[in-house]
Protein chains: 2
Amino acid sequence: MTRSSGTEDPIRVAVSTVILTLRRDGALQGPAGPSPRIALPLVRRTRDPYQGSWALPGGWLDAEEGLTAAAARTLGETTGLAPSYLEQLYAFGAVDRSPSRVISVIYWALLREEEAAAAVGSDPENVAWFDAAHLPELAFDHARIIEYALWRLRNKAGYSRVAQGFLPPEFTLADLREAYETILGRKLDPANFRRQVDATRTLVPTNAFRTGSHRPARLYRDAADVELADRGPLSPEETSTAETRTS
Amino acid sequence: MTRSSGTEDPIRVAVSTVILTLRRDGALQGPAGPSPRIALPLVRRTRDPYQGSWALPGGWLDAEEGLTAAAARTLGETTGLAPSYLEQLYAFGAVDRSPSRVISVIYWALLREEEAAAAVGSDPENVAWFDAAHLPELAFDHARIIEYALWRLRNKAGYSRVAQGFLPPEFTLADLREAYETILGRKLDPANFRRQVDATRTLVPTNAFRTGSHRPARLYRDAADVELADRGPLSPEETSTAETRTS
DNA sequence: CCAAAAGTGTTAACCCTACACCCATGG
DNA sequence: CCATGGGTGTAGGGTTAACACTTTTGG
């Protein structure tokens, strides 16, 4: 087996994150509507290559920083928030994906709806939120990356509780159903949805109700001791959920 | 957003592969048996760190080489074979996983049973095949990586046709069932298995039969136009199946 | 009282599983 | 003819999807 020493490699490692949340207001680029839409923040590139284009938030991996920590750091710099869910998506490393040789380890994250609406990162000038269905021209292969992140979200929503990553700690079943409907792109039967979620035993009912329109709806909280979904082969320091649950 | 220039980074990128196949002979380290077992090749490290320990086959990423190409290259160097299935597993990048800073992009691959039995790589001296259930002490975090690869295999066997990656182009339903049983670790009902696989419409029956014991069993071929499983967000040059189907 | 969302009940279709049974071959 | 794996049939249980129905609020 031949191994080059590696010391002369000009290969650099970047970490970027597809940050997803739900938005129902019209404060994002693209057509507004009454039902929520999947939204994500992009940063405008201030240097070549692709100067002026929109790109995923990210940065170079620091020498003394783990991959997940780098994703969480750039996420905080961009939005000022900690995610409710964070998982590695894929490592992209085609030779021609950038003028210089860059390996991009991509993460995807979910933010709670309300927090995201008020969030301000460290450089709000060059950050804007876009409707995931109406994205602008993107730098590098980021358009394909976002497509894959959305596919992963849809897929994982089918067999896990990831959709709760979009919701505040207390929510109604209608909130949760609406999140699923937005992700999956189709309406769900309220009666069957209710039965399916409480068959999983992962929601605990509270004694509070949301009032204001028609019959009040009971608020639920997620069972704190259960992960929203399998996040992959995490190292010990990554398995704690406490850090990602605090804002 | 702060971005270091990255040019002073001592971070290096390695690509390794968890190569899996089925073996029924006793020619591998660990207890032999009549039913096949999952086997994988490991290489003995000839230098520090972990000199003398067993490790996953791999090497440094070349500057002008894509990630998938690097995985296929080291796979060929180790076994002399092209895989029937190759997919990225995960990028491992904890700071303390190696004395120097190394990002390891791990792939997992399936080899056909018969091909693997006769395979000889470019350095057979330092390569040995092990029963996946009885592995030796491994270098770095490779034990955990292999665990995750086996989990991914079991998982993917539940909803895709990956198990066919273990089989030659023509096989009986009993062959296929046995592969699934080995992966999943439990017996499957032959009658129900038959119905489930031909409900997927991905197997084409041939007019040949395998004789030699009891009633002859019909040989099947896989529908060539269907991928064994979703391999992720592949770039155009990676989507061709031709290269991975030839030995 | 009416509209509309919250929540419960019911039923038919579907799928999965277990297992009985017949078929074809080697010994 | 017998043992054994190949292959087919079928009945029961569980899950899903569709939709009728009752409950509770705001207006």
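We name chains A, B, ... by the order of the sequence lines, and we start the count at 1 in each one.
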A.B. asks: Take atom CZ of F209(B) and atom C1' of dC23(C), then tell me their distance rounded to the nearest Å.
C.D. replies: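 Distance check: F209(B) CZ to dC23(C) C1' gives 12 Å.
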A.B. asks: At 4.0 Å (heavy atoms only), tell me whether A174(B) reaches a base, stays on the sugar-phosphate, or touches nothing.
C.D. replies: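 Sugar-phosphate: the residue A174(B), judged by heavy atoms under 4.0 Å, touches backbone atoms but no base.
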A.B. asks: Please give, in whole Å, the distance from dA5(C) C1' to F193(A) CZ?
C.D. replies: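 For the pair F193(A) CZ and dA5(C) C1', the rounded distance is 15 Å.
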A.B. asks: When the distance from CG of N192(A) to P of dC14(C) is rounded to whole Å, what number comes out?
C.D. replies: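 One finds 16 Å between P of dC14(C) and CG of N192(A), rounded.
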A.B. asks: Roughly how many Å is it from CD in E178(B) to C1' in dG5(D), rounded to a whole number?
C.D. replies: 13 Å
A.B. asks: Quick one about Y90(A) and Q88(A) (side-chain donor to acceptor, distance below 3.5 Å, no hydrogens or angles considered), yes or no?
C.D. replies: no
A.B. asks: Heavy-atom nearest nucleotide on DNA chain D for Q196(A) versus H214(A): which residue maps closer to 5'?
C.D. replies: Q196(A)
A.B. asks: Please determine, for the side chain of A217(A), which listed nucleotide (dT25(D), dG7(C), dC19(C)) has the closest atom?
C.D. replies: dG7(C)
A.B. asks: Closest approach to the side chain of D189(B), judged atom by atom: which nucleotide of dT25(C), dA18(C), dG6(D) is it?
C.D. replies: dA18(C)
A.B. asks: If you measure only the distance, is there a donor-acceptor pair under 3.5 Å linking the side chains of N192(A) and R195(A)?
C.D. replies: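 Side chains of N192(A) and R195(A): pair found under 3.5 Å.
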A.B. asks: Output the rounded distance in Å from CZ (R194(B)) to C1' (dT10(D)).
C.D. replies: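 So the CZ-C1' distance, R194(B) to dT10(D), works out to 17 Å.
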A.B. asks: If you look at every strand shown and take non-hydrogen atoms under 4.0 Å, does T172(B) touch a base, only sugar-phosphate, or nothing?
C.D. replies: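 If one applies the 4.0 Å heavy-atom cut-off, T172(B) turns out to touch nothing in the nucleic acid.
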A.B. asks: Provide, to the nearest angstrom, the distance between the NZ atom belonging to K187(B) and the C1' atom belonging to dA18(C).
C.D. replies: 17 Å
A.B. asks: For a quick check under 3.5 Å, do Y107(A) and S16(A) share a side-chain donor-acceptor pair by atom type?
C.D. replies: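 Short answer, no.
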A.B. asks: Hey, does the side chain of T211(B) come within less than 4.0 Å of dG26(C)'s phosphate (OP1/OP2), counting only N and O?
C.D. replies: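 Yes, because at least one side-chain N or O of T211(B) sits under 4.0 Å from OP1 or OP2 of dG26(C).
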A.B. asks: So what does R177(A) hit on the nucleic acid, given a heavy-atom distance under 4.0 Å: a base, only sugar-phosphate, or nothing?
C.D. replies: sugar-phosphate
A.B. asks: Quiz question: by atom type and distance under 3.5 Å, do the side chains of E238(B) and S235(B) form a donor-acceptor pair?
C.D. replies: yes
A.B. asks: Kindly indicate whether the side chain of R195(A) and the base of dG7(C) share any N or O donor-acceptor pair separated by less than 3.5 Å?
C.D. replies: no
A.B. asks: Give the C-alpha distance, both sets of side-chain angles, the deciding distance and a yes or no for side chain to side chain contact (heavy atoms under 4.5 Å, CB included) between D230(B) and Y159(B).
C.D. replies: CA-CA 10 Å; D230(B) 191 322; Y159(B) 64 87; over 6 Å; no
A.B. asks: Can you check the Y159(B) OH to dC15(C) P distance for me, whole Å?
C.D. replies: 21 Å
A.B. asks: Quickly work out the R218(A) CZ to dT24(D) C1' distance and round it to whole Å.
C.D. replies: 13 Å
A.B. asks: From C-beta outward on R215(B), which listed nucleotide comes closest to its side chain: dA4(C), dG26(C), dC23(C)?
C.D. replies: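 Among dA4(C), dG26(C), dC23(C), the one nearest the side chain of R215(B) is dC23(C).
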